[in-house]
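All heavy atoms count here, side chains included; hydrogens, waters and symmetry mates do not. Every chain is numbered from 1 and lettered A, B, ... according to where its sequence line falls, protein lines coming before strand lines.
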Amino acid sequence: MQNKRSIITRFAPSPTGYLHIGGARTALFSLLFARRHGGQFKLRIEDTDRARSTDDAVAAILDGLHWLGLDWDGDVVSQFARAERHREVVDALIARGAAFRCWCTPDEVETLRQAAFDQGRALRSPWRDRDPSQGPDAPYVVRFKAPERDVAIMDGVQGEVRWAAKEFDDLVLLRSDGAPTYNLAVVVDDHDMGVTHVIRGDDHLVNGGRQTQIYDALGWTVPHFAHIPLIHGPDGKKLSKRHGALGVEAYRDMGYLPEGLRNYLLRLGWSHGDKELFTDAEMIAAFDLAGLNKSPARLDFDKMASVNAFHMKRAGSARLTDLLWARLETRPGLRLDETGRAWVRASMDVLKERAATLAELEDQVYFMLRLRPVAAAGQTAGALDADALARLSRLRTALAGHDDWSEAALAGALKAFAGAEGVGFGKIGQPLRAAITGGAPAPDMSFVLAVLGRDEVLARLDDVI
RNA sequence: GGGCCCUUCGUCUAUCGGUUAGGACGCUAGGUUUUCAACCUAGAAAGAGGGGUUCGAUUCCCCUAGGGCCUGCCA
């Protein structure tokens with residue numbers, strides 16, 4: 001770890017779908033580790049398999065990273081675009097006897113593979129020791145000549161992991177159409193990009209061994225590996241790109257803030273004593289590989305909401321108003337004019353304390369934006385009996401003549417009115433709430449009256465009296 | 001079939017041989033109360049099983065069970 005080179009990490013998704021939650025966490029860890037050490041975080045798209053890569057998927061991944069605030073350094077590297085360089089390295093490998101041409105047909109490979117499988121060992125091609133000049137005039141693949149030497153990696157999470165030489169096969173480096181394969185391309189690209197630390201899902205742990213063989217054959221320095229356990233669904237079932245995991249935009253739509261999701265993801269598989277809540281600066285200051293966990297973690301939406309609530313409270317009210325308004329704009333039956341927006345903005349300092357997500361915030365602003373006349377529903381509807389209506393009528397008169405419309409003054413006025421009526425505050429508060437909010441969730445009534453303003457309050461009272 | 005990885009409250013986790021096994025979310029009870037929340041207080045809740053090593057194991061080793069990954073001309 002005492003590397004003099006500045007640290008470079010990378011996130012290398014394959015563009016076959018959206019940026020799922022597991023990939024997002026991998027990217028987050030990689031970015032944090034780089035930032036922590038003043039290094040760089042790079043992005044490479046692993047699009048060597050043209051049949052499975054799409055531009056839409058690339059765009060979705062970039063969008064997802066942007067939204068989550070995981071911005072990379074430098075240009076996005078396309079693995080496919082580097083195919084020439086990959087072939088060049090393969091030529092070098094062949095030249096030094098570390099790779100060879102293999103003319104086995106798919107059927108022959110299948111037979112050999114089955115035989116190797118039955119013996120409990122990995123595939124070895126008969127061409128690894130054959131004279132290439134004997135090769136037929138037919139398509140061939142280039143295979144890596146798996147070394148007869150045991151392999152070990154020092155993983156940042158898993159510790160030392162070893163494999164016997166027979167566990168690794170003569171893997172294909174170049175397909176019969178000349179296209180490079182994943183394990184070769186990863187090694188070449190990581191090397192060329194100067195990647196010092198590879199943080200990725202532990203589904204790649206064995207690839208760490210294979211790739212180490214290739215690094216060694218090339219005489220290149222093997223990067224530090226850190227294979228992190230995968231994320232599972234709430235049911236404990238695997239969650240991965242191959243099983244339709246949700247993209248990060250789904251979490252955005254559920255109303256999570258990017259910083260909230262970042263914080264939740266950070267604590268999923270990584271810990272720092274008992275500390276749960278992190279600002280971005282704290283994350284960067286605290287992140288280390290030692291805190292990574294070895295076992296898979298399940299997603300817990302309650303916890304995610306709770307963590308997000310912390311960030312909702314910290315978020316600027318103007319920003320929250322913008323985010324909320326964008327969500328509201330498509331909803332019918334709401335007062336979405338400038339006045340409505342001003343009410344929302346004016347009450348945001350208070351309302352953001354009461355909502356864990358933007359979706360909950362939508363419920364919190366409903367009492368203001370709902371259209372008149374507001375129909376009382378639920379428990380509060382029962383509060384509007386004849387006595388209460390008569391009292392509200394007198395309250396209306398009192399409020400109409402009340403000049404100071406500040407929250408504090410209104411609180412005093414309501415209390416004074418209750419005193420004058422000779423009743424407890426409950427006799428005033430409940431019917432007033434029913435009339436003004438219709439029973440929708442809302443803060444303290446004096447606050448509500450202050451935000452809505454005299455005209456709206458009197459109008460809503462008139463609607464029920 | 002072979003190899004590798006993992007296993008503390010329901011969930012995320014702390015512990016780096018000696019603790020009443022701690023915290024957080026959720027849950028339960030109580031408080032506050034003008035709705036819903038928020039908030040405050042209290043409580044229930046865990047070392048997969050079996051062997052070792054040791055004065056002493058959640059912690060170190062082995063076995064078993066369970067889960068996962070790889071074993072592709074996918075990444």
Side-chain angles (χ1 to χ4, degrees), chain A residues 12-16 46-49 51-53 79 102 106 109 113 116-123 139-143 155 157-159 161-164 166-169 171-177 179 181-183 185-186 201-207 209-210 227 229-230 232 234 236 238 241-242 264 267-277 293-307 309 313 350-351 353-356 360 363-364 367 376 378-380 383 414 424-434 437-446 448:
Chain A
S14 55
T16 52
E46 310 245 304
D47 50 0
T48 49
D49 185 346
R52 308 205 318 172
S53 301
Q79 190 158 66
C102 170
V109 170
R113 195 184 304 286
F117 185 90
D118 292 342
Q119 292 172 52
R121 52 176 301 135
L123 172 83
Y140 60 86
V141 299
V142 176
R143 288 181 182 277
D155 192 88
V157 177
Q158 315 290 348
V161 184
R162 301 183 155 278
W163 295 269
K166 74 178 176 82
E167 300 303 329
F168 293 112
D169 60 6
L171 54 87
V172 171
L173 263 22
L174 247 38
R175 300 176 172 95
S176 53
D177 65 357
T181 57
Y182 168 75
N183 276 298
V186 169
D202 71 8
D203 49 335
H204 283 291
L205 184 58
V206 181
N207 285 331
R210 293 195 179 92
H227 289 95
L230 271 20
H232 288 184
K238 196 174 87 158
K241 63 182 176 184
R242 301 180 195 190
Y264 177 71
R267 284 288 289 102
L268 208 55
W270 180 84
S271 59
H272 190 68
D274 284 339
K275 189 170 171 58
E276 300 270 1
L277 304 170
N293 242 75
K294 304 179 80 168
S295 52
R298 299 186 188 195
L299 240 29
D300 180 343
F301 289 96
D302 286 328
K303 182 73 171 248
M304 197 185 293
S306 162
V307 170
K313 292 178 172 69
V350 168
L351 298 186
E353 300 285 334
R354 303 158 56 89
E360 287 185 23
D363 298 332
Q364 291 292 333
F367 80 90
Q379 301 175 42
T380 54
L414 289 177
F425 189 76
K427 291 289 186 187
I428 303 298
Q430 288 188 38
L432 178 61
R433 183 173 292 280
T437 72
D444 180 82
M445 282 314 294
S446 48
V448 169

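Contact annotation for Pro431(A): no contact, since no heavy-atom pair falls under 4.0 Å across all strands. Using a 4.0 Å heavy-atom distance criterion, Val141(A) is classed as a base contact. Looking at heavy-atom distances under 4.0 Å, Lys427(A) makes no contact with the nucleic acid at all. Note on His227(A): nothing from the nucleic acid sits closer than 4.0 angstrom, heavy atoms only. Using a 4.0 Å heavy-atom cutoff across all strands shown, Ala440(A) reaches at least one base atom of the nucleic acid.
Between Ala122(A) and Lys313(A), the one whose closest nucleotide on RNA chain B sits nearer the 5' end is Lys313(A). Take the nearest nucleotide of RNA chain B for Met304(A) and for Asp177(A): the residue whose nucleotide is more 5' is Met304(A).
Taking atom NE2 on His204(A) and atom C1' on C74(B), their separation rounds to 11 Å, with Å as the unit. For Phe301(A) and A24(B), the CZ to P distance is 23 Å, given to the nearest whole Å. Here G3(B) presents its P atom at 20 Å from CG of Asp155(A), a figure rounded to the nearest Å. Gln119(A) places its CD atom 15 Å from the C1' atom of G3(B), with the value rounded to the nearest Å. Counting to the nearest Å, the C1' atom of U71(B) and the CG atom of Asn183(A) are 12 Å from each other. Going from atom CZ of Arg210(A) over to atom C1' of C69(B) covers 11 Å, rounded to whole Å. Taking atom CG on Leu277(A) and atom C1' on C25(B), their separation rounds to 11 Å, with Å as the unit. A straight line from CZ of Arg433(A) to P of U33(B) spans 14 Å, rounded to a whole angstrom.
Under the side chain to side chain donor-acceptor pair (under 3.5 Å) criterion, Gln364(A) pairs with Arg354(A), not counting sequence neighbours.
If you check C27(B) for Watson-Crick or wobble pairing at under 3.5 angstrom, you find it paired to G43(B). As the counterpart of U7(B), A65(B) is assigned, both hydrogen-bonding distances of the Watson-Crick or G-U wobble pattern falling under 3.5 Å. In a base pair of the Watson-Crick type (N1 to N3 plus N6-O4 or O6-N4) or a G-U wobble (N1-O2 and O6-N3), with each distance short of 3.5 Å, A21(B) is matched with no nucleotide. Across all strands shown, nothing is found opposite A37(B) as a Watson-Crick or G-U wobble partner with both distances under 3.5 Å.
Going from the C1' atom of G1(B) to that of G10(B) covers 37 Å, rounded to whole Å. Rounded to whole Å, the separation between the C1' atoms of A45(B) and U13(B) comes to 15 Å. Going from the P atom of U41(B) to that of A46(B) covers 23 Å, rounded to whole Å. Of the C1' atoms belonging to C4(B) and U54(B), the separation is 30 Å, rounded to the nearest Å. Across A57(B) and U71(B), the matching C1' atoms stand 37 Å from one another, rounded to whole Å. Spacing of C1' atoms, U19(B) relative to G47(B), comes out at 14 Å, to the nearest Å. Atom name P, nucleotides C73(B) and U64(B): the rounded distance is 32 Å, in whole Å. Nucleotides C70(B) and C62(B) place their C1' atoms 25 Å apart, quoted to the nearest Å.
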task = Could you check Phe168(A) against Val206(A) for side-chain contact (heavy atoms from CB on, under 4.5 Å), going step by step and ending with a plain yes or no?
result = CA-CA 9 Å; Phe168(A) 293 112; Val206(A) 181; 3.7 Å; yes

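With U71(B), U35(B), C73(B) as the choices, the nucleotide that has an atom nearest any side-chain atom of Arg143(A) turns out to be C73(B). Closest to the side chain of Gln364(A), from the set C36(B), A75(B), C73(B), is C36(B). Relative to the side chain of Phe117(A), the nucleotides U71(B), G2(B), U35(B) differ in distance, and U71(B) lies closest. The side chain of Asp49(A) approaches A75(B) more closely than any other nucleotide in the set A75(B), C25(B), U35(B).
With Thr437(A) contributing its side chain and Gly439(A) its backbone, the two residues share a donor-acceptor pair below 3.5 Å.
In this structure, Ser306(A) and Tyr264(A) have side chains that are not in contact, with every pair of non-hydrogen atoms separated by 4.5 Å or more. The side-chain heavy atoms of Lys303(A) and Arg298(A), taken from C-beta on, include no pair separated by under 4.5 Å. Side-chain contact between Leu205(A) and Asp155(A): present, with at least one pair of heavy atoms (C-beta onward) separated by less than 4.5 Å.
For Thr181(A) against C73(B), a side-chain-to-base donor-acceptor contact under 3.5 Å is absent. A donor-acceptor contact under 3.5 Å is not formed by the side chain of Arg354(A) with the base of A38(B). For Asn207(A) and A75(B), a side-chain-to-base donor-acceptor distance below 3.5 Å is present, hydrogens and geometry of angles not being considered.
Nearest heavy atom pair, residue Ala122(A) against residue Asp169(A), reads CB-N, 3.5 Å.
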N/O contacts under 3.5 Å, protein versus nucleotides 5-15 of chain B?
| unit_1 | atom_1 | unit_2 | atom_2 | d |
| --- | --- | --- | --- | --- |
| C5(B) | O3' | Gln158(A) | OE1 | 3.1 |
| C5(B) | O2' | Gln158(A) | OE1 | 3.3 |
| C6(B) | OP1 | Lys294(A) | NZ | 2.7 |
| C12(B) | OP1 | Arg298(A) | N | 3.0 |
| C12(B) | O2' | Arg267(A) | O | 2.9 |
| U13(B) | OP1 | Gly269(A) | N | 2.6 |
| U13(B) | O3' | Ser271(A) | OG | 3.1 |
| A14(B) | OP1 | Ser271(A) | OG | 2.9 |
| A14(B) | OP1 | Asn293(A) | OD1 | 3.4 |

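Test Asp49(A), Val172(A), Thr48(A) against Thr181(A) for side-chain contact (heavy atoms from CB on, under 4.5 Å) and you get one pass: Val172(A).
Between Thr48(A) and A75(B), a side-chain N or O to OP1/OP2 separation shorter than 4.0 Å is present.
A distance of 6.0 Å separates CZ of Arg210(A) from CG of Asn183(A), quoted to the nearest 0.5 Å.
Atom OH of Tyr140(A) has 12 or fewer neighbouring heavy atoms from other residues, nucleotides or ligands inside a 6.0 Å radius.
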